[in-house]
Peer 1: 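Below: one structure in structure tokens.
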Amino acid sequence: MNEPYGYRRRELVEPDWTRFPGWRDVTGADWASAQWQRAHCVKNIEQLKGVLGDLVSEVFYADLAADQQRFATMSMLVPPQMINTMVPAGAADWTAAFYADPVRRYMIPVASDRRADWPSHPNASRDSLHEHDMWVAEGLTHRYPTKVLAELLSTCPQYCGHCTRMDLVGNSTPSVDKLKLSLKPTDRYAAMLAYLAAHPEVRDVVVSGGDVANVPWRNLEAFLNRLLDLDSVRDIRLATKALAALPQHWLAPDVVEGLGRVAARARSQGVNLAIHTHVNHAQSVTPLVARAARVALDAGVRDVRNQGVLMRGVNDSAEALLDLCFALHGEAGVLPYYFYMCDMIPNAEHWRVALWQAQQLQHDIMGYLPGYATPRIVCDVPFVGKRWVHMAAEYDRELGISWWNKGYRTQLEVAEGITEGRQYAYYDPIDTLPEVGRKFWSRDAPSRVA
Ligand code: SF4
């Protein structure tokens, strides 16, 4: 950081949605309704035009169409709440402001955002974390000794352009034919619960998807109660970007009441029930989002934590990260927890930052927030898991290859006879490398070091 960060308290603001031609007549009651929000999500270019009218030029829409045809790994789905956090104060030149907007840059990517030289890293892959390879039941990934990820469904109320689960989540796009869950939800949940019952060493369950906001509440509550029947489960984390993207869902009376019932039971059993959300920019933290977080805490959830994604052009400065953290922690009661480096999925190079940049950002954000609210920037290393960015065992900055290890083996590694001590690679974006590294990848990519 060149200049020290200058903290000042900023009041949260709900941007005025009537600045959009398509929402000029939308009432406060409509806006507060989860049903209205879901029914008015923007799913295609025509609908986006219907909202923005002629604020944004045809050049932008053509750029968006080109992206959807050639690059997009996620289909379009953006709730009004999220669109309303883009260009929050309006602009004289809307097209330029919309292009530059950090929330737009990851929710509505356009072709000109992507890198022309290296849109994908040669070692990028659809399921870059190999979660599917580690399924022990459909949707249940067991890659840490004591923790599992339960993907209850493959949909969300919003689709993020950089989604790490682009292999499974959302609708197929011209460039990605999505994997489909094959079991009926009840059978999938039963298989997951049977695995957990048979594996008491698993104490921590991330209940995710997709986004749990798309599981009908009754079904989610039933699943959570079955988890709470298991003495071995001591931590339950509900993964939902909707807390910020569709806070109206988490403010709906049936959801609040249901969450209160589950939280009371968890608390009585000494189980840590938390909500993990996903906010990447301070613009997204509005009074409604703060209210949804506070209501969840009042309902008895132990913590609401944020797991953002560190992305170029979105939040890759100490100022952007700290603005977000102070909005979350100081104004909304949400604990800044992690920033993940953007994963190595196809067509994501324009979002990814190099490891050294992430290390520098971690350094630069230290010292401003209370220690318990200072987020860790982490690299989710394929086959290793989340590691703090300073934990790389070796790092070749010229070639952009970092090497990582861990102190345990997954079941997959045991099955394959892989011994402890193996190192796994992670790769910097090629455009961030010095010339020698760029030449190396142009000449020798991709398989030499995979
Ligand atoms: S909310 Fe999460 S799972 Fe859903 S599209 Fe965004 S990143 Fe992917």
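When a ligand or atom number is given, it counts from 1 through the structure's own listing order. When reading the values below, keep in mind they use all heavy atoms of this one structure, side chains included, and skip hydrogens, waters and symmetry mates. Treat the numbers as computed from the prediction; the structure is a model and nothing was measured.
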Peer 1: Can you tell which part of His162 has a heavy atom less than 4.0 Å from ligand 1: side chain, backbone, both or neither?
Peer 2: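 It is neither; nothing of His162 touches ligand 1.
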
Peer 1: Under 6.0 Å from the NZ atom of Lys180, do we count more than 12 heavy atoms belonging to anything else shown?
Peer 2: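 Result for NZ/Lys180: enclosed.
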
Peer 1: When you look at CZ of Arg234, are more than 12 heavy atoms from neighbouring residues, nucleotides or ligands closer to it than 6.0 Å?
Peer 2: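 Enclosed.
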
Peer 1: Can you sort out which atoms of ligand 1 are near Lys241, meaning under 4.0 Å from one of its heavy atoms?
Peer 2: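 The list of qualifying atoms is 1 (S).
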
Peer 1: For Arg312, is there an ion pair with Asp431 - N to carboxylate O distance below 4.0 angstrom?
Peer 2: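 Result for this pair is yes, salt bridge flagged.
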
Peer 1: Strictly under 4.0 Å, does any heavy atom of Arg165 approach an atom of ligand 1?
Peer 2: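 No, that is not the case, since the closest heavy atom of the residue is not under 4.0 Å from the ligand.
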
Peer 1: Among all the protein's non-hydrogen atoms, which is closest to atom 1 (S) of ligand 1, and how far away is it?
Peer 2: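 Result: Gln158 NE2, 3.4 Å.
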
Peer 1: Which atoms of ligand 1 sit under 4.0 Å from any heavy atom of Tyr159?
Peer 2: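 Those qualifying, in numeric order: 5 (S).
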
Peer 1: If you count heavy atoms of other groups shown closer than 6.0 angstrom to CD of Glu11, is the number above 12?
Peer 2: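 No - once you tally the heavy atoms of other residues, nucleotides and ligands closer than 6.0 Å, there are 12 at most.
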
Peer 1: Between Asp380 and Arg387, does at least one N-O distance fall below 4.0 Å, as a salt bridge requires?
Peer 2: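 Here Asp380 does not pair with Arg387 in a salt bridge, since their nearest N and O are not under 4.0 Å apart.
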
Peer 1: Can an N, O or S atom be found in Cys160 less than 2.8 Å away from atom 8 (Fe) of ligand 1?
Peer 2: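 It does not; every qualifying atom lies at 2.8 Å or beyond.
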
Peer 1: Would a line drawn from the ring center of His162 to the ring center of His278 be shorter than 6.0 Å?
Peer 2: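 That pair passes the under 6.0 Å test.
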
Peer 1: Between Leu243 and Pro247, what is the shortest heavy-atom contact and its length?
Peer 2: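 For Leu243 and Pro247, the tightest heavy-atom pair comes out as O-CB, 3.3 Å.
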
Peer 1: Of all the non-hydrogen atoms in the protein, which one sits nearest to atom 8 (Fe) of ligand 1, and at what distance?
Peer 2: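 For this ligand atom, the closest protein heavy atom is Cys163 SG, 2.3 Å.
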
Peer 1: Numbering the atoms of ligand 1 from 1, which are under 4.0 Å from a heavy atom of Cys156?
Peer 2: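 Once the distances to Cys156 are compared, the set is 1 (S), 3 (S), 4 (Fe), 5 (S).
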
Peer 1: Starting from atom 2 (Fe) of ligand 1, which protein heavy atom do you reach first, and at what distance in Å?
Peer 2: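 Among all protein heavy atoms, the one nearest atom 2 (Fe) of ligand 1 is His278 ND1, 4.2 Å.
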
